[in-house]
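Note sheet for the following structure.
Here is how names work: the chains are called A, B, and so on, in the same order as the sequence lines, proteins then strands, and each is numbered from 1.
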Amino acid sequence: MTLSLYDTLAREQRPFEPREEGMAALYVCGPTVQGDAHIGHGRAAVVFDVLRRYLEWRGYAVTFVQNVTDIDDKIILRARREGLEPAVVATRYTRAWNRTMDALGVRAPDVQPLATGHLLEMQALIQLLLDQDKAYAVEGNVFFRVRRFAGYGRLSRRRVDDMQQGEDIVDASDKEDPLDFAMWKAAKPGEPAWPSPWGPGRPGWHIECSAMAAKHLGHGFDIHGGGLDLVFPHHENEIAQHEAAHGDTFARYWVHNGMVQMGAEKMSKSVGNVVSLEEALSAWGVGPLRLWYLSAQHRTPLTFDTARLRDAAAVHQRFVTFLRAARRVASDVGVDDTAAAVHRAAFAAAMDADLNAPAAVAAVHELVTAGNEALTAAERGDVAASARVAGLAGALTELGDGVLGLHLEAALADAAGVERQLAALVDSLLEQRAAARAERDFATADGIRDQLGAAGVVVEDRPDGVRWYVADAPTAG
RNA sequence: GGCGGGGUAGCCAAGUGGUAAGGCAGGGGACUGCAAAUCCCCCAUCACGGGUUCGAUUCCCGUCCCCGCCUCCA
């Protein structure tokens, strides 16, 4: 079995063949740090986090690079609005981004390069293009000559002659051709600027990724990722800059995630329908939120809808519930992994098919169903079934937590903490309830159970006695 | 206008040239004092019209509808 990835450049799924056997070098476009992360950022983050985790699970040594754009027009604007230095804004939101990614269960990149830390690399790349006459400087700006790069438009499948010219923020009249884009922007009064051979200024947006990806991952690295909305012009320009300058391949595979939509509309700041990641995390929790992200294949649009999040929360609860029950029976009976193997294989087959997360989650569901079946047998004293439960529970954490990052163990641990705090209180109430039940005073007994239920404590009467636990944190919506 | 993605049960969502995974919701059953949790069963002919084929939801053509990008954006 081989992992296949849909490559935007090829417009088809291609078997993943890394540049170097057993290695995988990934570059994913990161945020422009000028505001709080929203659930659209979260989707991209989770998609590529899962890709990374899956590659590692498959045995690849992964190097994961995600940049931070810490100098940009929007950062300058925001700083001006708030009366702050742009660097203060950038630092503040970089820290916020990292905290939020952490809360989302997204593993930190191996390298998180900052644009402002790579000005020399960018300038060197620009110079290389100037030397080859593929770029030109005008009044302190440097532009890329789009028509001089034959491959331009290959990624986004558009012909140069069809393109409507977008107006750059830099005065378009400086350009030879409206299609040309800025790699270096001359400083304007009051803006941050760095020295360069063309005068003080700052880098254009696209140049940083070309320069930083090549610096940290080398030429022809394996996978370049980002949102579908970055295909044009950002990624098109990244390719143009690198390949025009060096004449070799920039990246081998281009993977793009689909957009998050609000109802039928795309979520965007201009429409004003943005849901921040912090909000979503506190309302739903990491596990359910990630399950929602994984409920659609990564290239298709995903609609934000509280009913969908509720579904995801129910699924999360089901997984956690099995794990909790499995822990009770599977102690020292050994581990039988044979039952898990078929589900692990189904999971891998799904993920191999262009990261088919919905199918992979379906495999986890079937694993859990098998686990619950074994659990029933184990609770009746079937030792072989206990070993199967242990194997299946192990596979659940391996796939669900390890690869998908669903925070099942974490949810269990969180609940356990609350359970410790509530134990004395709950036990005392359950004693009263037991007394009431003994007298067949079910009204009182059920009243106590309802009371506990309202507080998130689930009470179960089992053949071997009462059992209670704290359910997943209650969710909004 | 150019480029691209998509229309599968009440909802979400996989998938395949040979009569369609999984989940949520719903209905029925087992278990329970009742519940909870769990298990079992039921619940679609795949937008529409043609064509190719022994056979199409899956391939081709056309129609309708939805969405994204073409400007900052994950």
Between [N] and [M], how far apart are the two [atom1] atoms, rounded to whole Å?
N: rC12(B); M: rG28(B); atom1: C1'; result: 24 Å
N: rU8(B); M: rG29(B); atom1: C1'; result: 29 Å
N: rC46(B); M: rG6(B); atom1: C1'; result: 14 Å
N: rG49(B); M: rG15(B); atom1: P; result: 25 Å
N: rU53(B); M: rC41(B); atom1: P; result: 41 Å
N: rG26(B); M: rC69(B); atom1: C1'; result: 40 Å
N: rG62(B); M: rU58(B); atom1: P; result: 15 Å
N: rA35(B); M: rC31(B); atom1: C1'; result: 11 Å

Short heteroatom pairs, N/O only, protein and nucleotides 29-35 of chain B, under 3.5 Å:
{"residue": "rG33(B)", "atom": "N7", "partner": "R437(A)", "partner atom": "NH2", "Å": "3.0"}
{"residue": "rG33(B)", "atom": "O6", "partner": "R433(A)", "partner atom": "NH2", "Å": "3.4"}
{"residue": "rG33(B)", "atom": "O6", "partner": "R437(A)", "partner atom": "NE", "Å": "3.1"}
{"residue": "rG33(B)", "atom": "N1", "partner": "D446(A)", "partner atom": "OD1", "Å": "2.9"}
{"residue": "rG33(B)", "atom": "N2", "partner": "D446(A)", "partner atom": "OD2", "Å": "2.6"}
{"residue": "rC34(B)", "atom": "O2", "partner": "R449(A)", "partner atom": "NH2", "Å": "2.5"}
{"residue": "rC34(B)", "atom": "N3", "partner": "R449(A)", "partner atom": "NH1", "Å": "2.8"}
{"residue": "rC34(B)", "atom": "N3", "partner": "R449(A)", "partner atom": "NH2", "Å": "3.3"}
{"residue": "rC34(B)", "atom": "N4", "partner": "D461(A)", "partner atom": "OD2", "Å": "3.0"}
{"residue": "rA35(B)", "atom": "N6", "partner": "D461(A)", "partner atom": "O", "Å": "2.6"}
{"residue": "rA35(B)", "atom": "N1", "partner": "D461(A)", "partner atom": "N", "Å": "2.8"}
{"residue": "rA35(B)", "atom": "N3", "partner": "R449(A)", "partner atom": "NH1", "Å": "3.0"}

Take the protein atom [atom1] of [X] and the nucleotide atom [atom2] of [N], then report the distance between them rounded to whole Å.
X: H234(A); N: rC73(B); atom1: NE2; atom2: P; result: 7 Å
X: L9(A); N: rC3(B); atom1: CG; atom2: P; result: 18 Å
X: D72(A); N: rC72(B); atom1: CG; atom2: P; result: 10 Å
X: F232(A); N: rA74(B); atom1: CZ; atom2: P; result: 17 Å
X: L452(A); N: rA37(B); atom1: CG; atom2: P; result: 15 Å
X: R467(A); N: rA36(B); atom1: CZ; atom2: P; result: 16 Å
X: R158(A); N: rU71(B); atom1: CZ; atom2: P; result: 8 Å
X: R154(A); N: rC3(B); atom1: CZ; atom2: C1'; result: 16 Å

Tell me what [X] touches on the nucleic acid: a base, only sugar-phosphate, or nothing, going by heavy atoms under 4.0 Å.
X: L230(A); value: sugar-phosphate
X: N372(A); value: sugar-phosphate
X: R157(A); value: sugar-phosphate

### Query
Under a 4.0 Å N-O cut-off, is there an ion pair linking D446(A) with R449(A)?
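Counted as a salt bridge, because a side-chain N and a carboxylate O are separated by less than 4.0 Å.
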
Taking the side chain from [X] and the backbone from [Y], do they hold a donor-acceptor pair closer than 3.5 Å?
X: R154(A); Y: L9(A); result: no
X: R159(A); Y: G153(A); result: no
X: D177(A); Y: R147(A); result: no
X: R52(A); Y: R107(A); result: yes

### Task
Check whether NZ of the Lys or CZ of the Arg R158(A) lies under 6.0 Å from the centre of the six-membered ring of F232(A) and within 45 degrees of that ring's axis.
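Yes, cation above the ring, under 6.0 Å and within 45°.
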
Minimum-distance nucleotide (side-chain atoms of [X] versus [options]):
X: Q261(A); options: rA21(B), rC12(B), rC67(B); result: rC67(B)
X: H38(A); options: rC39(B), rA14(B), rA74(B); result: rA74(B)
X: H365(A); options: rA21(B), rG23(B), rG15(B); result: rG23(B)

### Query
For T369(A) and R318(A), does a side-chain donor sit closer than 3.5 Å to a side-chain acceptor?
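Checked: T369(A)/R318(A) side chains pair up, N/O donor to acceptor below 3.5 Å.
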
### Message
If only side-chain N and O atoms count, and only distance matters, is there a donor-acceptor pair under 3.5 Å linking Y93(A) with D70(A)?
### Response
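No, Y93(A) and D70(A) have no side-chain donor paired with an acceptor closer than 3.5 Å.
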
### Query
Using the benzene-type ring in the case of Trp, are the ring centres of Y27(A) and F64(A) under 6.0 Å apart?
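Judged by ring-centre distance (under 6.0 Å), Y27(A) and F64(A) do not meet the cut-off.
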
Tell me which nucleotide, if any, is Watson-Crick or G-U wobble paired with [N] when both distances must be under 3.5 Å.
N: rG1(B); result: rC70(B)
N: rU57(B); result: none
N: rU19(B); result: none
N: rC39(B); result: rG29(B)
N: rC64(B); result: rG7(B)

### Message
At less than 4.0 Å, is any side-chain N or O atom of W205(A) found next to OP1 or OP2 of rC73(B)? Yes or no.
### Response
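Answer yes for this pair, as a side-chain N or O of W205(A) is under 4.0 Å from OP1 or OP2.
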
### Query
Which parts of nucleotides 5-11 of chain B does protein reach within less than 4.0 Å, heavy atoms only, written one letter per nucleotide 5' to 3' as B for base, S for sugar-phosphate only and - for none?
------S

### Task
Would you please test D72(A) and Q34(A) for side chain to side chain donor-acceptor pair (under 3.5 Å) and show each step?
CA-CA 9 Å; D72(A) 164 273; Q34(A) 44 102 23; over 6 Å; no

### Query
Closer to the 5' end of RNA chain B via nearest nucleotide, is it F48(A) or L302(A)?
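So the residue in question is L302(A).
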
### Task
For the pair R290(A) and L404(A), evaluate side chain to side chain contact (heavy atoms under 4.5 Å, CB included) and give the outcome as yes or no after the intermediate values.
CA-CA 8 Å; R290(A) 288 181 68 116; L404(A) 303 180; 5.9 Å; no

### Query
What is the ring orientation for H224(A) with F250(A), classed by angle as parallel under 30°, tilted 30 to 60°, or perpendicular over 60°?
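Ring orientation, 0 to 90° scale: tilted.
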
